[in-house]
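Starting from 1, each residue takes its place in the sequence as its number.
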Amino acid sequence: MKPGFQEWLECIACHARYDVLEIRYRCNCGDLLSVQRTPGWAEQLSPSLFDSRRTSRNELDQSGVWRFREGVLQTEPQHVVTHPEGSTRLYQRPALSTWADVPALHFKHEGENPTGSFKDRGMTVAATQARRVGARAVACASTGNTSASLAAYAAQAGMKALVFVPAGKISSGKMAQTLGYGAFCLQVRGDFDAAMALVQEVCQKLNVYLLNSINPFRVEGQKTIVWEMLQDLAWDAPDWIALPAGNLGNTSAFGKALLEAHQGGWIKKLPRLLAVQATGANPFFLSYQDGFRSTHRVTPETVASAIRIGNPVSHAKAVEAIQKTGGSVTQVSDEELMLAKREIDRAGIGCEPASACSLAGVRKLRQQGVIERDARVVCVLTGNMLKDPDATVSAAQMGTSVTAPEVEPRLSDVENVLARTLGL
């Protein structure tokens, strides 16, 4: 667990350095921090090391995060808080390839994590760091997935959990998880951005450890989505990686993961990132349109509750990720993303609404000619279908779902319905 290189926190703007055990989320200059390591560290590691751990029975090796531990966090095994997480599947479905007009299309399903979303990858690292620094309580603002993950990992680690959610704007499934795992939940009268501002004040005043994606250790865990994806593809990198974009933690994490893998010689080429936002919550897309010369803040409203964020905290890191990978940013309407969700669900994979942005975005850029038909593309699905069951059931208003009719307990009634609806 102690390779021959060092770790520290470094400002992404002025490059000031801080000790890795210091509790801070921003530099003194006000900008975000990133975990950095001794130059050349990735070249000291080999994909063969990570591949050898896939068949190990060691708990750390079975985690799709801690399998890559040398590039995630240097700590003693007893500090690690793991379920384990990761080891999610990479799918291919001919019907989805045809729908998007991209034959070489894959889906990395992060909804298969322990609490049903990609958040577990970042949370295992952040919760481990919280244990290292002796935190007794942890907190976050959330639209639902972060709160569920934080609650689960805090419960495992024996830490108190405090969660701030926008009142009336969190799905019942995510709220049930958060409360079920034992977190104390406060509903803030406002949107996610109001909850995010409040939780930062609370953490500073009450000495509570913050576990939102502003915490640089979250990014280190979320990097492993990409590393495991590359491992799934035998380290033959795809041309594009598409992902939903809300608070932009994943966008920044994916960029960091790709750059480190490429610099280390783990992959021969650098895939392009495609960050996809909903039109009702599109500040990053608006910024992309003007060449990232300005930042934007919007009042978010979209059926994709997981990315219903108008002022993403990881904007600066995400800009770097898009620029350094030669990536792109697009937006899709609620109708477009729900149509994509219908296709994913009917292919037997299933996902929450926000996840479907990745497929909807790939289809849009394929139609625009930005993505070539022979490109190899991976769509990241960030959350489980049951994360937002209300959205699936209510999607009939967009013409994207099938209703469940009632019948009398008679065979004739069933025959009539099946003949009318399925032609049976």
Side-chain angles (χ1 to χ4, degrees), residues 117-119 140-149 163-175 178 185-200 212-214 218 242-252 274-290 292 294-319 322 329-341 351-358 360-361 364 380-383 387-388 390-392 394-395 397-398:
S117 87
F118 77 91
K119 302 288 187 179
C140 73
S142 177
T143 56
N145 283 332
T146 300
S147 65
S149 185
V163 169
F164 296 78
V165 300
K169 295 182 179 179
I170 177 174
S171 77
S172 58
K174 296 171 185 177
M175 179 65 88
T178 302
C185 188
L186 290 172
Q187 298 192 65
V188 180
R189 296 189 185 100
D191 58 15
F192 168 82
D193 302 306
M196 185 66 206
L198 181 60
V199 74
Q200 291 181 75
N212 276 98
S213 57
I214 192 176
R218 281 273 306 276
L243 70 156
N247 217 20
L248 304 180
N250 259 353
T251 305
S252 57
L274 171 59
V276 186
Q277 294 207 292
T279 54
N282 64 350
F284 194 53
F285 172 72
L286 295 176
S287 182
Y288 173 76
Q289 281 194 306
D290 67 17
F292 294 126
S294 59
T295 58
H296 295 263
R297 181 170 185 167
V298 303
T299 300
E301 190 51 56
T302 172
V303 68
S305 61
I307 56 173
R308 192 188 290 143
I309 296 167
N311 185 30
V313 298
S314 297
H315 174 90
K317 289 182 178 180
V319 169
I322 294 298
V329 184
T330 192
Q331 62 177 353
V332 294
S333 67
D334 279 4
E335 183 176 9
E336 287 173 317
L337 71 88
M338 289 303 289
L339 284 170
K341 172 177 161 52
C351 66
E352 69 169 323
S355 296
C357 283
S358 58
K364 174 171 278 190
V380 177
L381 305 178
T382 47
K387 280 289 190 171
D388 198 347
D390 297 338
T392 301
S394 65
Q397 64 187 8
M398 296 183 186

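- Put simply, the side chain of Thr330 never gets that close to the backbone of Gly361: no donor and acceptor are under 3.5 Å apart.
- Side chain of Asp290 to main chain of Phe292: a donor-acceptor pair is present (N/O by atom type, distance under 3.5 Å, no hydrogens or angles).
- Across all their heavy atoms, Ser213 and Ser314 have their closest contact at OG-OG, 3.8 Å.
- Lys119 is listed as a side-chain neighbour of Arg218, based on a closest heavy-atom distance under 4.5 Å.
- Between Pro312 and Pro283, the closest side-chain pair of non-hydrogen atoms falls below 4.5 Å.
- Across Ala360 and Leu337, no two heavy atoms sit closer than the pair CB-CA, 4.0 Å.
- Using a 4.5 Å heavy-atom cutoff, the side chains of Pro166 and Gln187 are not in contact.
- Looking at Ser117 and Thr382, their side chains never bring a donor and an acceptor atom within 3.5 Å of each other.
- Judged purely by atom type and a 3.5 angstrom limit, Ser149 has no side-chain atom pairing as donor or acceptor with the backbone of Thr146.
- In this structure, the separation between NZ on Lys174 and CG on Asn145 is 4.0 Å, given to the nearest 0.5 Å.
- Atom-to-atom distance recorded for Ile214:CD1 and Cys140:SG is 13.0 Å, nearest 0.5 angstrom.
- Judged purely by atom type and a 3.5 angstrom limit, Asp193 uses its side chain to pair as donor or acceptor with the backbone of Gly310.
- Heavy-atom minimum distance, Ala148 versus Thr178: N-OG1, 3.4 Å.
- Atom OG of Ser355 is separated from atom CZ of Phe118 by 9.0 Å, given to the nearest 0.5 angstrom.
- Of all heavy-atom pairs between Ile307 and Pro244, the closest is CG2-CB, 4.3 Å.
- Side chain of Lys364 to backbone of Gln331: a donor-acceptor contact under 3.5 angstrom is found.
- Counting only distance, with no hydrogens or angles, the side chain of Ser287 and the backbone of Ser294 share a donor-acceptor pair below 3.5 Å.
- Side-chain N or O atoms of Gln277 include one that pairs as donor or acceptor with a backbone N or O of Phe284 at under 3.5 Å.
- Counting heavy atoms from C-beta on, the side chains of Ile322 and Val329 come closer than 4.5 Å.
- In this structure a side-chain-to-backbone donor-acceptor pair under 3.5 Å is missing from Arg308 to Pro300.
- Here the OG1 atom belonging to Thr143 is positioned 12.0 Å from the CE atom belonging to Met196, to the nearest 0.5 angstrom.
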Exercise. Does the pair Lys317 and Leu248 meet the rule for a side-chain contact (heavy atoms from CB on, under 4.5 Å), with working shown?
Worked result: CA-CA 8 Å; Lys317 289 182 178 180; Leu248 304 180; over 6 Å; no

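- His296 and Asn311 share no side-chain donor-acceptor pair at under 3.5 Å.
- Counting heavy atoms from C-beta outward, Asn282 and Val298 have side chains that approach closer than 4.5 Å.
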For this session: Could you walk me through whether Leu243 and Thr251 pass the side-chain contact (heavy atoms from CB on, under 4.5 Å) test, one step at a time?
Result: CA-CA 8 Å; Leu243 70 156; Thr251 305; 3.8 Å; yes

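- Checked by atom type and distance alone, the side chain of Ser171 pairs as donor or acceptor with a backbone atom of Lys387 at under 3.5 Å.
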Exercise. Under the salt bridge (charged side-chain N to carboxylate O under 4.0 Å, His left out) criterion, do Glu336 and Lys341 qualify, and how do the steps go?
Worked result: CA-CA 9 Å; Glu336 287 173 317; Lys341 172 177 161 52; over 6 Å; no

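- Here the OG atom belonging to Ser358 is positioned 8.5 Å from the CG atom belonging to Leu274, to the nearest 0.5 angstrom.
- Note that the OG atom of Ser142 and the CG atom of Asn212 stand 7.5 Å from one another [nearest 0.5 Å].
- Taking both residues in full, the closest heavy atoms of Ala275 and Ala245 are given as CB-CB, 3.9 Å, listed atom of the first, atom of the second, then distance.
- Annotation for Ile309 and Phe192: closest pair CG1-CD2, 3.6 Å, computed over non-hydrogen atoms.
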Problem set entry | Verdict with reasoning, Ile170 to Cys185, per side-chain contact (heavy atoms from CB on, under 4.5 Å) | CA-CA 12 Å; Ile170 177 174; Cys185 188; 5.9 Å; no

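- Using a 4.5 Å heavy-atom threshold, the side chains of Val332 and Val276 count as touching.
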